[in-house]
Amino acid sequence: ARAGRAEATRAAWEMLQEDMRLLCVTAVEDRLQANVRATLETLRDANVRTWMLTGDKLETAWVIAQNASLVTRRQRMYQVAVRSSGDEKERRREARQALQGYPQGKFNAPCLVLDGAALSLCVSHHQ
C-alpha cells in the first residue's frame, strides 16, 4: 500500500497547490493535537480554504472533518464521485461536469469532497 504513496501524495499536493500560497500545514492522525481544532476554526472563520486528504471512507472522513472543525456541523457537502472503470474520456467529462457545478468563491460554500476515482482522474489530468 505504501509503494506509490509518496509519489501520489506529491502529485496531489502539486495539483492542490496550483496558484496558491502555502500558509501552514498540519497533520491530523487519530487523536487531534492540542489547538488543532481551534486553529482550523480560526482559518475557516477567516475564509481560508483548507484541505484534508484521506483514504478513509466518505462517512468516516466527514466525521473526522467535523470533529476537527475543518467543516461546521451544518455545512453542506458537495460530493464529486465518478465510476472507477469505463471509458476514461467519459469519466473525465463526468468529473469536469460535476466540478463545474461547485459554487466557487462563495463564502461558506459547501465542502468539496472527491471520491478516490475522481481524485485519481484530477491528478492524472494534471500530470
Side-chain angles (χ1 to χ4, degrees):
R2 292 188 184 265
R5 186 176 186 164
E7 183 62 24
T9 301
R10 185 196 60 73
W13 270 110
E14 287 179 10
M15 180 192 68
L16 295 173
Q17 293 181 37
E18 189 173 303
D19 296 322
M20 295 175 74
R21 191 174 80 212
L22 184 63
L23 297 177
C24 127
V25 175
T26 186
V28 178
E29 188 170 324
D30 294 335
R31 301 183 89 195
L32 292 178
Q33 296 179 4
N35 301 319
V36 168
R37 183 176 289 119
T39 300
L40 291 172
E41 284 176 357
T42 301
L43 290 170
R44 187 186 66 240
D45 292 345
N47 202 29
V48 174
R49 288 196 168 85
T50 53
W51 295 79
M52 178 175 82
L53 185 60
T54 179
D56 289 314
K57 293 180 182 178
L58 175 65
E59 296 80 10
T60 305
W62 189 249
V63 169
I64 292 169
Q66 287 178 328
N67 289 339
S69 294
L70 190 56
V71 296
T72 65
R73 297 233 180 252
R74 289 186 209 85
Q75 190 169 2
R76 295 183 336 255
M77 181 186 340
Y78 186 91
Q79 185 178 359
V80 176
V82 297
R83 293 174 284 123
S84 58
S85 62
D87 180 51
E88 185 168 342
K89 188 175 182 178
E90 178 61 22
R91 292 172 51 233
R92 281 188 182 183
R93 188 195 63 74
E94 288 175 12
R96 187 177 306 112
Q97 186 176 12
L99 284 168
Q100 287 175 344
Y102 180 73
Q104 294 182 17
K106 183 178 176 187
F107 189 74
N108 289 329
C111 178
L112 177 62
V113 179
L114 288 87
D115 71 355
L119 180 60
S120 179
L121 275 175
C122 291
V123 169
S124 68
H125 178 71
H126 286 285
Q127 287 181 338

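Heavy atoms only: backbone and side chains are in, while hydrogens, waters and symmetry mates are out. Note that the numbering runs from 1 along the sequence shown for the chain.
Put simply, OG1 on T72 and CD on E41 are 10.0 Å apart, with the number rounded to the nearest 0.5 Å. The CG atom of L99 sits 6.5 Å away from the CG atom of L112 when rounded to the nearest 0.5 Å. In this structure, Q66 CD and C111 SG are separated by 9.5 Å, a value rounded to the nearest 0.5 Å.
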Inset, instruction - Check the pair T9 / R5 against side-chain contact (heavy atoms from CB on, under 4.5 Å), numbers first and verdict last. - result: CA-CA 6 Å; T9 301; R5 186 176 186 164; 4.1 Å; yes
Inset, instruction - Let me see the working for R10 and E7 under salt bridge (charged side-chain N to carboxylate O under 4.0 Å, His left out), right down to the final yes or no. - result: CA-CA 5 Å; R10 185 196 60 73; E7 183 62 24; 2.4 Å; yes
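Counting non-hydrogen atoms of neighbouring residues, nucleotides and ligands closer than 6.0 angstrom, the CG atom of D45 exceeds 12 such neighbours.
Judged purely by atom type and a 3.5 angstrom limit, S120 has no side-chain atom pairing as donor or acceptor with the backbone of G116. Checking side-chain atoms of N35 against main-chain N and O of A38 turns up no donor-acceptor pair under 3.5 Å.
Follow the hydrophobic side-chain contacts under 4.5 Å out from M52 and you reach V48 in the same cluster.
In terms of heavy atoms, L40 sits closest to A68 at CD1-O, 3.2 Å. The shortest heavy-atom contact between W62 and Q75 is CZ2-O, 3.4 Å. In plain terms, the two heavy atoms of A95 and V80 that are nearest each other are O-CG1, 4.4 Å. The minimum heavy-atom distance linking M77 with V113 is given by the pair CG-CG2, 3.5 Å.
A search for side chain to side chain donor-acceptor pair (under 3.5 Å) contacts involving R93 returns E90, Q97, not counting sequence neighbours.
Pairs engaging residues 80-101 under the ring pair (Phe, Tyr, Trp, His ring centres under 6.0 Å) rule: none recorded [sequence neighbours left out]. Within the structure, ring pair (Phe, Tyr, Trp, His ring centres under 6.0 Å) contacts touching residues 68-102 (residues at least two apart or in different chains) are Y78-Y102.
Using a 4.5 Å cut-off on side-chain heavy atoms (C-beta onward), E59 and I64 make no contact.
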